[in-house]
Amino acid sequence: MAVTILKGTIISAPELGKLDITENGYLVAENGVIQGVFPVLPEQYAGANVEDYGDALILQSFADLHLHAPQYPMLGMGMDLPLLDWLNAYAFPTEARFADPDYAREIYHKLAKELVAGGTTRVCMFSSLHTDATLILMDELEKAGVTGYVGKVNMDRNAAPGVLEETTEESKRETLRWLDACGDFAHVKPMLTPRFTPSCTNELMAFLGKLAAERDLPVQSHLSENDAEIEWVRQLHPDCQQYWETYAKYGLWNDRTVMAHCVWSDERERKAMRDAGVTVVHCADSNQNICSGVAPVRVMLNEGLKVALGSDIAGGDHLNMFDVVASAIRASKARRILDSWETDFLTVPEGWYLGTSAGAAYFGEQPGFAAGNPLHAMVLADDTLPQPHPLTPAERLERCVYLRQPGAVRAVWSAGRKVFTAG
Ligand code: GUN
Ligand code: FE
């Protein structure tokens, strides 16, 4: 039996707003499955190899539940337009480059490496519409040690003619070809990915809904991100009272559905998400960069919705989930101001929970370093930051959320495997 024992200052998020802290503790996994966090090493592990990280923090690694891999080349650029214009001007032309498998291989190799080095080990990710590039993306994630779901994007209308488009027939055929080729990956699984309602004909939506049911596949898409988008959906589906119903109508709305943004989802739409068990992915950077709005995350949490975080690169300008957690906290403060100081902002432990445990829940994990979870963890050193006076572990975590330090992530485990060691 393979035993992994990590020693250090262990911090985890067992529930929203709470941190479990064990200084000089031991995080133990057997065959990649967490057995527990112990202040003293249990007798049965006496003599086993202990990886001692001294004073460093041992943290859960991140789950990024919404990002666009083929937008990685435009990270940090082109954020001067609202959503629909931004898609046409920047996102679609960038994604079109992934028709070239060599280009896809080079970019996706870099992306996968950067994810793992930053402590992101679980994802729900959009590819482009290209089947071959999507398989290359899955291969690179698998090799780097990233786990989770990837989707070949479906978009058979309102795309970029001559640049990035597929017919309904192509979209169906390529989706089946892609699914047939996904069987080889152990840790990266397929997820159906209608880009968003304006991108998919009713025929395609119906096909995807049927496929989701027949093959028991999860679904990801976008919902109520931007006012012009919502109005467009209203015109395309006059029979639907609200945006979410355009997904529900076709069987794309259940407890494995992941919906990015939901900035403008009102009480009725939020109730539909809660009732179905849909996971909302809050993408604070993107919502601000392309002027979509400020999602009411606190209200969603109070109402009992499942909420996780997404970098949404490259509407979002940060792939690093420390930044994404900080952005979600800041956005919640903007929301508080907009709400006349009536909603609470997210605390650091709450933001940390959303970036780790809440996302991990989508993959069936219990919160924190619960026994039975696959080992997803990172070692974080903050010794290059000033140490003016002794800090508590919670203060150190807070500072690491806000301050980037090159090389601070020293080691990362994903599904029990050590996938990164700082060089
Ligand atoms: N809605 C449809 N496609 C996209 C995309 O690529 N990014 C964002 N932020 N929203 C979308
Ligand atoms: Fe997105």
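First listed ligand is number 1; within each ligand, the first listed atom is number 1. Just so you know, these numbers use all the heavy atoms, side chains as well, and skip hydrogens, waters and symmetry mates. Index from 1, following the sequence.
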Between Lys249 and Asp239, is there a salt bridge with N-O shorter than 4.0 Å? yes
Check for me whether the distance between the ring centres of His376 and Phe62 falls short of 6.0 Å. no
Output yes when Asp383 and Arg396 qualify as a salt bridge under the 4.0 Å nitrogen-oxygen rule, no when they do not. no
Is the distance between the ring centroids of Trp232 and Tyr243 less than 6.0 Å? no
Give a rough value, rounded to 10 degrees, for the angle at the Fe ion (ligand 2) between atoms NE2 of His68 and NE2 of His222. 90°
What I want to find out is whether Glu51 reaches Arg410 closely enough, with some N-O distance under 4.0 Å, to be called a salt bridge. no
Determine, for Lys110 against Glu106, whether the closest basic-nitrogen to carboxylate-oxygen distance falls under 4.0 angstrom. yes
Is Cys283 close enough to the Fe ion (ligand 2) to have an N, O or S atom under 2.8 Å? no
State whether His261 contributes an N/O/S atom found under 2.8 Å from the Fe ion (ligand 2). no
Ligand 1: protein residues within heavy-atom distance under 4.0 Å: His68, Gln71, Leu83, Trp86, Leu87, Arg195, Phe196, His222, Glu225, His261, Ser286, Asp312
Quick check: does Asp312 put an N/O/S atom under 2.8 Å from the Fe ion (ligand 2)? yes
Under 6.0 Å between ring centres, would you say that holds for Tyr108 and Tyr72? no
Could you tell me whether Arg173 and Glu166 make a salt bridge, using a distance below 4.0 angstrom between a side-chain N and a carboxylate O? no
